[in-house]
Structures are given as structure tokens and as C-alpha cells.
Number of protein chains: 2
Amino acid sequence: MIRILLVDDHALVRRGVRLILEQEPDLTVVGEAGDGAEAVEALRDLEVDLVVLDIAMPRMTGLQAAREITRRREPPRLMMLSMHDNEQYFFESLRVGASGYVLKSVADEDLVGAVRAAMRGEAFVYPGAMGSLARDYLDRLRRGESVPQTVLTEREDEVLKLIAEGRSSKDIARDLTISVKTVERHRANILAKLGMRDRTQLTRYAIRAGLIEP
Amino acid sequence: MIRILLVDDHALVRRGVRLILEQEPDLTVVGEAGDGAEAVEALRDLEVDLVVLDIAMPRMTGLQAAREITRRREPPRLMMLSMHDNEQYFFESLRVGASGYVLKSVADEDLVGAVRAAMRGEAFVYPGAMGSLARDYLDRLRRGESVPQTVLTEREDEVLKLIAEGRSSKDIARDLTISVKTVERHRANILAKLGMRDRTQLTRYAIRAGLIEP
DNA sequence: CGCAGAATGGGTGCTACCACCCATCTCCCC
DNA sequence: GGGGAGATGGGTGGTAGCACCCATTCTGCG
């Protein structure tokens with residue numbers, strides 16, 4: 001019997017996924033959570049084999065929750081549920097230790113298949129997604145484009161978050177009690193690392209990365 | 001027997017909603033569509049009492065499809081399904097003649113209730129949404145803030161989309177074959193209408209509004 | 001007809017953003 | 001002990017973003 005914790009901010013989606021999963025005799029949903037924080041909370045009281053985690057959620061996002069969860073002693077397996085066929089999310093999911101990455105556009109039998117594959121320990125992407133995602137990945141490798149393992153430093157993440165929230169450099173400098181110049185230095189480094197040109201792109205990136213909410 | 005057409009781009013969501021609805025003996029889902037165009041297509045061959053329409057979809061959005069559908073001779077009732085507790089969408093939905101507006105964060109019994117209410121002809125919003133949406137609405141009225149029936153014009157939407165994508169004014173001007181000054185004029189108007197200060201906020205807004213992907 | 005709103009475009013000026021250059025200090029690791 | 005990486009800060013300069021001012025044209029509507 002595979003015990004599952006279901007995490008999605010939309011009750012309707014949660015309910016639907018639950019109905020789909022529970023049509024299988026060997027799958028049981030032992031809990032639900034409406035955001036990342038609730039999920040982490042729920043794991044303290046529940047014995048869970050697999051957490052099905054929506055990526056885009058308010059407060060603590062799925063990716064943040066995933067980082068939290070994998071820090072536990074015997075972490076359950078993680079399966080990320082995503083709206084988007086998006087490389088950024090995909091790689092980020094692998095980075096945080098997810099076993100699977102499934103698009104919400106998959107059919108229900110594929111979801112069940114994905115759950116079983118995740119439990120067998122097969123790291124995988126839903127094939128439909130695999131197409132464009134893996135293609136991209138391989139393309140970049142071939143072009144020597146240095147796949148974005150170039151993660152930002154903690155400080156840079158912090159600054160990025162504030163920039164993406166629309167705060168000005170002066171504002172951020174005051175907040176972090178550093179000089180405007182240093183904020184600009186960080187911003188320049190972030191832009192360079194991510195290969196971007198301005199704040200709006202950083203905003204979108206921060207949203208994708210789960211640093212801020214849209 | 002209430003015959004329902006289900007329109008959502010995510011098969012998983014579609015499947016879940018279908019399971020929820022079909023637990024009721026008097027509700028039957030007679031068709032599914034993955035986007036607005038498919039929905040319009042499907043309506044040509046099906047007798048349908050109610051269309052449950054997701055708002056954010058690729059190609060033709062739910063709102064566009066709704067406009068299309070209400071142009072028919074005997075249009076079915078419309079119920080909009082939305083991810084976001086967002087005034088913009090809500091008012092727009094009313095404008096296109098939807099009978100209901102339900103957030104995906106509602107519980108399943110509420111969805112069923114919403115379907116029944118829509119069929120009884122009660123124009124309504126799911127109460128939970130009603131709370132913050134109507135509260136906002138009334139608050140603004142009270143403050144004399146001219147409620148955002150001041151939706152953006154088509155041209156402004158177009159410019160907003162490009163700004164939010166990180167394009168520069170010069171770039172946008174070239175694209176639309178208008179002067180940089182006019183782009184800046186539009187930007188200023190958009191910022192004023194939405195009560196925002198800079199491009200990063202516009203980016204987040206555009207993502208919330210479904211104009212662009214993160 | 002006249003009026004309102006939308007779209008167009010011009011001018012002026014401040015400031016933030018962003019791209020380059022430079023340096024110092026600390027911490028960690030070989 | 002030396003070297004690399006990260007955080008800090010400074011200078012200089014171009015340009016885009018944004019806030020004000022202004023006007024013209026066209027369209028739909030009472």
C-alpha cells in the first residue's frame with residue numbers, strides 16, 4: 001500500500017487527483033495540504049511514502065517545501081506536479097531531489113503510472129514532457145551552454161527576491177544595510193549568471209524559481 | 001439531467017472535475033475540450049446545458065471562448081473556473097455573460113452547488129471568492145476610487161504584454177510601428193490605471209492576468 | 001452637432017538602472 | 001601561506017524608465 005500526501009493549493013484539483021489515485025487499490029491518500037508549510041507540518045504526524053507536490057503555491061512554494069522535506073531523516077519520495085512545460089522548473093525539481101516531474105496536462109492513467117515509477121525509484125519525467133525538456137537539455141549541453149547548475153549564492157538569492165518584488169536599489173540597500181553600490185554589484189552578477197538583461201526578466205525568473213508569488 | 005461540457009487545458013484537472021461532477025446522479029459530462037477553440041467546435045455537435053470553462057488556456061482563452069459561445073442562438077449557461085481571486089477576471093467574466101465564477105480553491109461540494117445555482121439562473125460568485133472580491137469592490141467604491149471597470153483597452157493590453165516580457169520601449173515601438181513616445185504614453189496610462197509604479201509590478205500583474213507565462 | 005475616450009506624438013527633466021572600470025576584506029581549502 | 005570565491009564598496013557614463021507638461025486625430029454616441 002502506497003501512502004500519499006497530496007499538496008496543492010486548489011481544493012478542486014486536490015479532490016480530482018485524489019479521486020484518480022484512489023481508483024487504484026494499492027494507492028491511498030493519507031493526507032492533503034493546501035500549501036508547502038501545511039505539507040511540512042502534516043509530515044510530522046503522518047507516515048507517508050510519497051508526496052505529490054504542486055509547484056506553484058502561495059506562501060511556501062512546492063520547490064521550497066521540497067527542499068525542506070528532503071532535509072528530513074527519512075524523506076518520502078517527491079513527485080512534482082507542474083502546470084508548465086518549463087525547463088527552469090524541471091531542473092530545479094531535479095536539484096531539490098524530486099523523483100518525478102509530471103505536467104497537469106497528462107491523462108489520469110499517466111499520473112498513476114508516474115506514481116508507481118516514482119515508488120520504484122525510477123527518476124523520470126512524464127514522457128510527453130521529456131520530449132521538449134530533455135531535448136532542450138541535450139541541446140544546451142551540445143552547444144556547451146553550461147547548463148544552469150550556476151546557482152546563485154544565498155546573498156544573491158536574497159537580493160534577487162527584493163529586486164523581483166519591485167524594490168529599488170536604494171530601498172534594498174537600506175533594507176540589507178549595505179551600500180547601493182553593492183546592491184548594484186549583486187544585481188550585475190545575477191544578471192550575468194542568468195544571462196538576462198533587466199529587472200523584468202529577473203521578476204519572471206524569481207517567480208519560476210518560487211522565490212516570489214506573481 | 002444537466003448536460004455539461006468541460007473545458008480545461010489540463011487533462012488532470014478535467015478528469016478530476018469530471019469525477020466530482022459525476023458523483024451527482026443528475027449531472028452528466030457529455031464532452032470535454034482542451035481549449036476554447038475545441039469547446040466552440042464541440043458545441044456544434046452537442047446538446048449542452050452548461051459549459052464549465054477554465055479561464056487560463058492556451059490559444060483561445062476561456063474569456064474569448066465565452067464571447068464566442070454567447071453569440072450563439074441558444075447559448076448554454078457559462079460557469080468560469082479560475083485559478084485566481086482576481087478582480088480583473090471576475091468583472092470580465094460578468095461582462096461576457098457568465099452565470100458563475102468559481103475559484104479552483106473551492107471544495108468539491110461547492111463546485112456542485114455552483115453548477116446547480118448556475119442552472120437555476122442565479123448569477124453568482126462562489127462565496128469564498130465573493131468575500132475578498134466584493135470586499136475590494138465595495139472598499140474602492142467607498143473610497144471613490146473608481147472601480148476598475150476601467151479595464152485596460154485592447155491596445156494597452158497589447159503594450160502591457162510586451163512590457164511584461166521585458167521588451168524595451170524602443171523595441172516595442174518598432175514592433176507596433178508607433179513612436180517611442182506613444183509606447184511611454186501607454187505605459188504611463190497602464191501604470192496609472194493599475195496603481196503601479198514600475199515594470200516589475202506590471203510583469204507580475206501580467207502573469208497573474210494570464211497575459212504571459214512566468 | 002458636440003463631446004468623451006482612445007490612440008497618436010512631442011518636450012523637459014530627474015533618477016534609477018545597467019555596463020564597464022577599480023579595490024579591499026574575509027573565509028575556506030589545498 | 002597562497003589562492004579562489006564571495007561580499008563589500010567606489011567611480012564614470014550612457015540610456016531607459018517614469019513623471020509632468022502639451023497637442024492632434026478619429027471614432028462612437030447621445
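Given the structure is predicted, the values throughout are model-derived calculations rather than measurements. What's counted below: heavy atoms across the whole structure, side chains too, no hydrogens, waters or symmetry copies. In what follows, chains are A, B, ... by sequence order, proteins preceding strands, each numbered from 1.
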Under 3.5 Å, which N/O atoms of the protein pair with N/O atoms of nucleotides 24-30 of chain D?
none

With sequence neighbours left out, the residues meeting side chain to side chain donor-acceptor pair (under 3.5 Å) with Arg174(A) are Asp171(A)

Side chain to side chain donor-acceptor pair (under 3.5 Å) filter on Arg14(B), not counting sequence neighbours, yields Glu32(B)

With five pairs defining each end axis, the helix from dC1(C)-dG30(D) to dC30(C)-dG1(D) comes out bent, to 10°, by 40°

Across all chains, not counting sequence neighbours, the side chain to side chain donor-acceptor pair (under 3.5 Å) partners of Gln201(B) are none

Applying side chain to side chain donor-acceptor pair (under 3.5 Å) to Ser168(A) and not counting sequence neighbours gives none

Contacts of Leu191(B) meeting side-chain contact (heavy atoms from CB on, under 4.5 Å) (sequence neighbours excluded), chain-then-number -> Arg187(B), Met196(B), Leu202(B)

Glu47(A) meets the salt bridge (charged side-chain N to carboxylate O under 4.0 Å, His left out) criterion, sequence neighbours left out, with Arg3(A)

To the nearest angstrom, the CD1-P distance between Ile178(B) and dG10(C) comes to 11 Å

Taken in chain and number order and not counting sequence neighbours, the residues that satisfy side-chain contact (heavy atoms from CB on, under 4.5 Å) with Arg204(A) are Arg208(A), Glu165(B), Thr203(B), Ile207(B), Ile212(B)

With Arg167(A) as partner, the option from Val159(A), Asp175(A), Val183(A) fulfilling side chain to side chain contact (heavy atoms under 4.5 Å, CB included) is Asp175(A)

Residues at least two apart in sequence or cross-chain that pass side-chain contact (heavy atoms from CB on, under 4.5 Å) with Glu41(A), listed by chain then number, are Arg44(A)

Its contact letters, B for base, S for sugar-phosphate only and - for none at protein heavy atoms under 4.0 Å, make nucleotides 14-20 of chain D read --SSBB-

Between the protein and nucleotides 24-30 of chain C, which nitrogen or oxygen pairs are less than 3.5 angstrom apart?
none

Between CZ of Arg155(A) and C1' of dT8(D) the distance, given in whole Å, is 10 Å

Taken to the nearest whole Å, CG/Asn189(B) to P/dG9(C) is 14 Å

